[in-house]
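Side-chain atoms are counted along with the backbone in the values below, which use heavy atoms only and exclude waters and symmetry mates. Residues: numbered from 1 along the sequence shown. The shown structure was predicted, so the numbers you read here are calculated from the model rather than taken from an experiment.
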Amino acid sequence: MVTGSEALMLSLKEQGVKTIFGYPGGSIMPTYDAIYDYTRGEKKAFDHILVRHEQAAAHAAEGYARVSGKVGVCIVTSGPGVTNTLTGVADAMMDSTPIVVIAGQVATSVLGTDAFQEVDLVGVAQPITKWAYQIRRAEDVAWAVSRAFYIANSGRPGPVVLDFTKNAQTAMIDYKPAKVDFIRSYVPYPEPSEEKLKAAAELINNAKKPMALVGQGVELGNAQEELKTFLEKADIPAGRTLLGLSALPSNHPLNMGMLGMHGSYSVNLKEQEADVLIAIGMRFSDRVTGDVSRYAKQAKIIHLDIDKSEIDKCVKTDVSVVADCKVSLPALTALVNKADHSDWKASFQPLRQKEIENVITPATKPTSGPLLMGEVAHDVAKMAYSMEDKIGAPILVTDVGQNQMMSCRYFKYHVPRSIATSGGLGTMGYGLPAAMGATYGAPDRVVCCFMGDGGLQMVIQELGTIMEYDIPVKMILLNNSYLGNVRQWQDMFFHKKQSFTPMCNPDFSKIAEAYAIPYLKVEKREDLPAAIEKMLTSKGAFFLETVIKPDMNVEPMTAPGKAVDEMQLKVEY
């Protein structure tokens with residue numbers, strides 16, 4: 001006989017959970033009493049990481065999930081405790097990240113009375129989760145946990161919220177493990193249509209200028225090798241979405257660059273020239289398509305996705321294959337002809353060269369003036385990969401804004417699951433806690449976290465978590481004393497009226513010192529290599545502040561409302 005709280009511990013153990021991110025409080029206190037026993041002594045099954053704010057618990061769970069491929073878990077209290085996690089829950093929903101949030105709730109006897117720290121969690125969470133459920137009886141704990149993990153990590157992954165009433169936590173039950181691997185009307189892995197696979201293959205076999213658009217679905221389906229086999233057989237050049245950057249190695253000959261508003265010049269222009277576009281595990285975000293009414297009107301569109309709701313949602317398809325790309329890609333590969341599209345691939349090169357000369361070289365190899373974000377990201381990536389045998393394959397974690405776009409553009413990706421960034425929701429404050437989670441999800445790899453001064457200060461209290469648990473995050477602050485991305489848009493579209501975007505920042509050296517985190521500040525270009533080497537070779541956490549040109553812009557850029565082939569190499573005001 002065990003309490004409902006201990007049943008939760010046993011159920012999480014049954015799911016193979018190793019790390020929990022959380023924050024205790026009144027309504028979850030019985031569960032934390034059980035956590036005490038299961039994080040030490042003979043019963044030890046988990047590591048529990050005490051974050052400093054519940055939003056960080058959700059983002060840490062996301063970072064863990066993104067690099068490990070497993071479900072991230074956080075446990076918080078009711079009311080403000082769980083509402084603080086909902087930004088992370090919404091972020092996970094937008095980016096298809098499997099996390100389970102377990103929240104305390106008042107006892108069932110006082111539900112609906114506006115009891116202290118009561119909130120209708122299921123009602124609030126339903127629109128931003130795959131499943132939200134209130135556990136009212138201890139007998140339901142094992143079933144609810146198993147169902148939560150099954151839903152979170154099957155099909156198109158996403159977040160699940162469990163609302164755990166206090167009486168269910170304290171009641172005694174005869175615990176029996178549960179296994180949920182089937183839910184009526186829920187079909188997480190639809191079988192691909194043979195007819196549609198043949199239709200897709202016919203379009204590809206007749207194409208003169210085919211192009212693949214690679215999304216995170218390839219990573220989520222662990223179909224990286226299947227993707228390479230398909231692309232290489234059909235000789236198809238590919239662009240990658242922001243979240244799909246590590247689905248195809250940066251140095252693969254068919255990798256043409258990043259899609260989207262701040263993506264690669266050649267990729268964006270060639271989308272408007274391709275005769276067949278094959279979208280694989282991506283959702284045609286507005287940041288990829290630009291003005292959708294003018295997007296790829298010349299092309300036949302093939303869409304491979306596990307989620308039927310994404311088909312024709314943004315872009316009308318000619319052929320859709322609804323299935324896990326781990327299954328659909330090999331099936332399609334078997335039907336396509338061995339091809340040679342050398343001339344088509346070569347046509348990307350002049351555009352790539354134009355971007356190298358006008359954007360990439362000036363951004364990554366300047367010879368004078370202040371430090372630039374691009375060169376910091378480029379130099380960190382270059383040195384990290386040169387040390388890969390000592391520090392593991394680097395993982396890029398970013399916050400949101402200019403720091404995100406520049407680090408994602410200039411980092412390099414050689415192995416799968418090498419990036420964690422907030423895509424759909426664009427959550428400032430995501431970076432630091434997600435990086436903490438990533439270190440637990442991939443403890444044998446170095447985690448490089450790029451942040452702006454704005455995003456860092458939204459979660460700066462998590463330096464306390466890093467201090468307490470000696471979490472070896474390599475923090476790179478790109479400090480331009482601005483909310484840089486908003487400032488860029490204000491300069492471009494609001495007559496340079498910089499409304500509340502300049503930032504008055506603290507002395508970060510003193511903050512790092514207060515948290516006992518090694519720190520260096522770099523203002524001069526010649527000091528950068530030694531600082532990066534010191535950061536990467538330090539055993540634990542490290543805070544590297546780089547002072548960046550204040551008014552630099554992320555280039556190239558497709559302005560809002562423009563077609564993707566109207567991308568500007570240089571930002572115009």
Side-chain angles (χ1 to χ4, degrees), residues 208-215 237-245 255-279 282-301 303 313-318 344-363 373-374 400-402 404-406 408-410 423-424 426 484-497 551-573:
K208 304 297 182 187
K209 298 179 178 180
M211 183 175 169
L213 313 177
V214 177
R240 304 156 299 160
T241 67
L242 182 71
L243 298 186
L245 283 172
N255 181 359
M256 299 299 165
M258 185 170 82
L259 298 160
M261 177 178 279
H262 293 296
S264 301
Y265 187 62
S266 63
V267 168
N268 280 273
L269 269 62
K270 288 297 180 179
E271 282 180 277
Q272 300 292 70
E273 191 181 328
D275 56 4
V276 174
L277 289 179
I278 308 105
M282 56 88 73
R283 59 186 181 87
F284 288 110
S285 159
D286 58 294
R287 289 297 170 100
V288 166
T289 64
D291 179 3
V292 74
S293 69
R294 291 185 283 164
Y295 179 71
K297 292 303 177 183
Q298 81 293 339
K300 297 291 185 182
I301 307 291
H303 196 174
K313 185 174 83 174
C314 300
V315 172
K316 179 69 177 173
T317 59
D318 294 279
W344 167 234
K345 290 185 298 180
S347 72
F348 283 73
Q349 190 55 36
L351 296 173
R352 295 178 79 177
Q353 190 59 38
K354 192 173 182 180
E355 183 179 357
I356 289 169
E357 293 172 0
N358 290 277
V359 178
I360 296 174
T361 299
M373 291 188 185
V400 166
Q402 289 185 320
Q404 174 187 36
M405 293 297 104
M406 296 300 273
C408 287
R409 275 181 59 83
Y410 295 117
N485 211 46
V486 183
R487 190 275 310 155
Q488 178 171 334
W489 283 49
Q490 287 173 339
D491 286 355
M492 293 177 70
F493 309 120
F494 293 90
H495 310 289
K496 298 189 177 182
K497 290 168 64 178
D551 59 347
M552 66 164 291
N553 294 318
V554 182
E555 295 168 328
M557 179 177 182
T558 302
K562 299 291 186 180
V564 290
D565 56 347
E566 294 177 306
M567 181 175 236
Q568 301 173 10
L569 277 171
K570 305 299 289 182
V571 166
E572 299 172 3
Y573 297 136

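Heavy atoms only, all atoms of each residue included: G263 and P556 are closest at O-CG, 3.4 Å. Considering every non-hydrogen atom in both M261 and M567, the closest pair reads O-CE, 3.3 Å. Considering every non-hydrogen atom in both Y410 and A363, the closest pair reads OH-CB, 3.7 Å. The heavy-atom pair separating S266 from L351 by the smallest distance is CB-CB, 3.6 Å. For the pair D565 and L269, the tightest heavy-atom approach, listed with the atom from each and the gap, is CA-CD1, 3.9 Å. The minimum heavy-atom distance linking N268 with T558 is given by the pair OD1-OG1, 4.4 Å.
In this structure, the side chains of M405 and L242 come closer than 4.5 Å at one or more pairs of heavy atoms. E566 has its side chain within reach of R294: a pair of non-hydrogen atoms, C-beta onward, lies under 4.5 Å apart. Side-chain contact between M282 and V288: present, with at least one pair of heavy atoms (C-beta onward) separated by less than 4.5 Å. At least one side-chain heavy atom of M406 sits under 4.5 Å from a side-chain heavy atom of V554. In this structure, L213 and I278 have side chains that are not in contact, with every pair of non-hydrogen atoms separated by 4.5 Å or more. Counting heavy atoms from C-beta outward, L245 and C408 have side chains that approach closer than 4.5 Å. With a 4.5 Å cut-off on side-chain heavy atoms, V359 and R409 count as touching.
Side chain of S264 to backbone of M258: a donor-acceptor contact under 3.5 angstrom is found. A donor-acceptor pair is defined here as one N or O able to donate and one able to accept, closer than 3.5 Å; such a pair exists between the side chain of D275 and the backbone of K209. At distances below 3.5 Å, not a single donor-acceptor pair connects side-chain atoms of W344 with backbone N or O atoms of K208. The backbone N or O of I301 lies less than 3.5 Å from a partner atom in the side chain of D318, making a donor-acceptor pair. A donor-acceptor distance shorter than 3.5 angstrom exists from the side chain of R487 to the backbone of M552, with no hydrogens or angles considered.
Rounding to the nearest 0.5 Å gives a distance of 11.5 Å between CE of M557 and NZ of K562. Rounded to the nearest 0.5 Å, atoms CD (Q404) and NE2 (H262) are 9.5 Å apart. One distance of note links CZ of F284 with CG of L277; it measures 6.5 Å at 0.5 Å rounding. Summarising the geometry, atom OH belonging to Y265 is positioned 10.0 Å from atom CD belonging to Q568; distances are rounded to the nearest 0.5 Å.
Crowding of K354 atom NZ: a count of heavy atoms from other residues, nucleotides or ligands under 6.0 Å not exceeding 12. Residue F494 qualifies as open at atom CZ: its count of foreign heavy atoms under 6.0 Å is 12 or below. Under a cut-off of 6.0 angstrom, the local environment of NZ in K496 is sparse, with at most 12 non-hydrogen atoms contributed by other residues, nucleotides or ligands. Other residues, nucleotides and ligands place more than 12 heavy atoms under 6.0 Å from the NZ atom of K313.
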| request: Give the intermediate values and the outcome of side chain to side chain contact (heavy atoms under 4.5 Å, CB included) for residues L259 and R240. | output: CA-CA 6 Å; L259 298 160; R240 304 156 299 160; 5.8 Å; no

| message | Quick one, V292 with V315, criterion side chain to side chain contact (heavy atoms under 4.5 Å, CB included). Give me CA distance, side-chain angles, the key distance, then yes/no. | response | CA-CA 7 Å; V292 74; V315 172; 3.9 Å; yes

| task | Step by step, work out the side chain to side chain contact (heavy atoms under 4.5 Å, CB included) result for F348 and M211. | result | CA-CA 11 Å; F348 283 73; M211 183 175 169; 4.2 Å; yes

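A side-chain donor-acceptor contact under 3.5 Å links E271 and Y295. Counted by atom type alone, Q402 and Q488 present one or more donor-acceptor pairs between their side chains at under 3.5 Å.
Scored by the side chain to side chain donor-acceptor pair (under 3.5 Å) test, S347 finds K270 as partners (sequence neighbours excluded).
A salt bridge (charged side-chain N to carboxylate O under 4.0 Å, His left out) with K570 is found for exactly one of E555, E355, E357, namely E555.
In this structure, H495 has its ring center no closer than 6.0 Å to that of Y573.
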